[in-house]
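All remarks here apply to the structure that follows.
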Amino acid sequence: MDQIEIGKFIAKCRKEKKLTQAQLAEQLNITDRAVSKWETGKSMPDSSIMLELCSILGITVNELLSGENVDVEDFEKKAEENLIELTKKNESNLTKNIVVFIIFSAILFIGSMVCVICDLAISGSLKWSLIPVSSIIFTWLVFVPAILLEGKRIAKSLLSFSIFIVPYLYILSKLIKVKAVFSIGTVMAIVSMAYLWVVLFIFQRLGETRKLVSMGIAFLLLIPLEVIINFILSRMIAEPVFDIWDILSIFIILIIALTCLACGYTKKKILKK
């Protein structure tokens with residue numbers, strides 16, 4: 001597969017359909033920058049949107065990967081060639097992921113060993129080093145799925161974070177001997193995870209062309225999140241629900257949210273012209 005030729009073919013088909021890059025991007029819920037990268041051969045369309053892209057352009061996936069219109073006689077041959085190329089590309093991506101995984105794991109392992117060695121040299125036993133080591137292991141567990149597994153990396157890391165955050169807080173509370181780390185931390189973590197999952201859903205639902213709108217909604221949702229967290233903390237540690245800094249932060253968040261929403265609405269209006 002020649003990315004340059006594929007890019008030229010996408011541009012040719014798009015122009016035949018009398019679509020601008022922005023209009024094609026909006027139909028696919030991606031950015032016009034992504035379309036520009038395809039057409040200049042800097043990147044390839046993601047497999048998750050290939051069928052939709054081909055449907056819009058009126059071509060087959062085989063023709064897209066071939067970078068040209070394919071005759072019926074050559075269709076099977078081209079399909080086999082494209083399948084082989086895709087297999088090679090997947091193998092190459094897997095190799096890169098494994099290399100990144102090894103480097104990432106090695107760096108964290110070295111960091112853990114440095115903490116352990118320093119602790120043994122200073123204290124003669126494992127004391128404070130268990131705290132950073134447990135944090136390093138938690139970090140490894142959160143990011144490894146995103147490194148090794150293709151597609152939806154953020155969702156996979158967030159799922160891993162959701163699974164391991166409570167056990168991590170429990171271990172941490174035992175290591176530093178502060179029960180509040182687990183009791184308060186767990187409640188805060190659950191509320192925060194719920195917020196992050198909602199935000200992820202919003203970004204995926206609205207797509208890349210509405211990033212500003214997604215950001216605006218995400219900032220707006222920070223306001224009830226802050227209210228909920230403050231209310232929980234007031235019950236658990238007898239703190240006031242609101243102070244002047246809380247009100248100021250809510251005001252700032254509201255301004256940012258409305259700015260993002262206004263910019264997103266304006267951008268959408270411009271794209272439709």
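For this chain, numbers begin at 1 and follow the sequence in order.
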Do you know which two heavy atoms are closest between [X] and [Y], and how far apart they sit?
X      : Y      : result
Leu169 : Ala189 : CD1-CB, 4.1 Å
Leu175 : Ser134 : CD1-OG, 3.8 Å
Cys260 : Leu212 : CB-O, 3.4 Å
Ala218 : Phe203 : CB-CE1, 4.4 Å
Ala180 : Ser183 : CA-OG, 3.2 Å
Ile163 : Pro167 : O-CD, 3.5 Å

- Item | Contacts of type side chain to side chain contact (heavy atoms under 4.5 Å, CB included), residue Lys17, not counting sequence neighbours |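 Lys17 satisfies side chain to side chain contact (heavy atoms under 4.5 Å, CB included) with Leu19 only.
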- For Leu233, all residues meeting side chain to side chain contact (heavy atoms under 4.5 Å, CB included), sequence neighbours excluded: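 Applying side chain to side chain contact (heavy atoms under 4.5 Å, CB included) to Leu233 gives Ile184, Met188, Ile229, Ile237.
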For the residue pair [X] and [Y], establish whether any side-chain heavy-atom pair is separated by less than 4.5 Å.
X      : Y      : value
Val213 : Leu261 : yes
Ile228 : Phe231 : no
Leu24  : Leu53  : yes
Ser162 : Trp197 : yes
Val178 : Ser173 : no

Hydrophobic clusters here meaning ILVMFWY residues chained together by side-chain heavy-atom distances under 4.5 Å, can you tell me if [X] and [Y] are in one?
X      : Y      : value
Ile217 : Val227 : yes
Ile102 : Ile147 : yes
Val100 : Leu148 : yes
Val144 : Ile107 : no
Ile103 : Ile136 : no

Could you state the interatomic distance from [atom1] ([X]) to [atom2] ([Y]), rounded to the nearest 0.5 Å?
X      : Y      : atom1 : atom2 : result
Ile6   : Met44  : CD1   : CE    : 4.0 Å
Leu28  : Glu26  : CG    : CD    : 10.5 Å
Ser112 : Ile137 : OG    : CD1   : 6.0 Å
Lys12  : Ile59  : NZ    : CD1   : 9.0 Å
Trp140 : Phe164 : CH2   : CZ    : 9.0 Å
Met215 : Leu220 : CE    : CG    : 12.0 Å

Enumerate, atom names and distances included, each donor-acceptor pair closer than 3.5 Å involving a side-chain atom of residues 124-133, sequence neighbours excluded.
unit_1, atom_1, unit_2, atom_2, d
Trp128, NE1, Asp119, OD1, 2.9
Ser129, OG, Asp119, OD2, 2.7

- Query: Taking everything shown except Phe138 itself, do over 12 heavy atoms lie less than 6.0 Å from its CZ?
  - Reply: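 Enclosed.
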- Task: Before giving the answer on side-chain contact (heavy atoms from CB on, under 4.5 Å), spell out for Glu39 and Lys8 the whole-Å C-alpha distance, their side-chain angles and the decisive distance to 0.1 Å.
- Result: CA-CA 6 Å; Glu39 296 186 356; Lys8 290 178 180 178; over 6 Å; no
- Query: Is there a side-chain contact (heavy atoms from CB on, under 4.5 Å) between Leu221 and Ile202 once you walk through the steps?
  - Reply: CA-CA 11 Å; Leu221 290 175; Ile202 290 169; 3.6 Å; yes
- Query: Has the side chain of Ser157 got a donor or acceptor atom that lies under 3.5 Å from a matching backbone atom of Phe143?
  - Reply: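 No; zero donor-acceptor contacts below 3.5 Å.
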- Message: Let's go through Leu222 and Tyr195 carefully: what are the C-alpha distance in whole Å and the side-chain angles of both, what is the deciding distance for side-chain contact (heavy atoms from CB on, under 4.5 Å) to 0.1 Å, and is it a yes or a no?
- Response: CA-CA 8 Å; Leu222 276 176; Tyr195 167 78; 3.3 Å; yes
- Message: Before you tell me yes or no, could you show the steps for Thr60 and Cys54 under side-chain contact (heavy atoms from CB on, under 4.5 Å), namely the whole-Å CA-CA distance, both residues' side-chain angles and the distance that decides it to 0.1 Å?
- Response: CA-CA 6 Å; Thr60 65; Cys54 291; over 6 Å; no
- Message: Holding to ring pair (Phe, Tyr, Trp, His ring centres under 6.0 Å), I want the full list of residues that pass it with Phe182, two or more places apart in sequence or in another chain.
- Response: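 So Phe182 forms a ring pair (Phe, Tyr, Trp, His ring centres under 6.0 Å) with Tyr170.
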- Considering residues at least two apart in sequence or located in another chain, which fulfil the side-chain hydrogen bond (donor to acceptor under 3.5 Å, both in side chains) criterion with Ser55?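 Not a single residue meets the side-chain hydrogen bond (donor to acceptor under 3.5 Å, both in side chains) criterion with Ser55.
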Determine all donor-acceptor pairs shorter than 3.5 Å in which one atom belongs to a side chain in residues 247-258; sequence neighbours excluded.
unit_1, atom_1, unit_2, atom_2, d
Ser249, OG, Glu226, OE1, 3.2
Ser249, OG, Glu226, OE2, 2.8
Ser249, OG, Trp245, O, 3.3
Ser249, OG, Asp246, O, 2.8

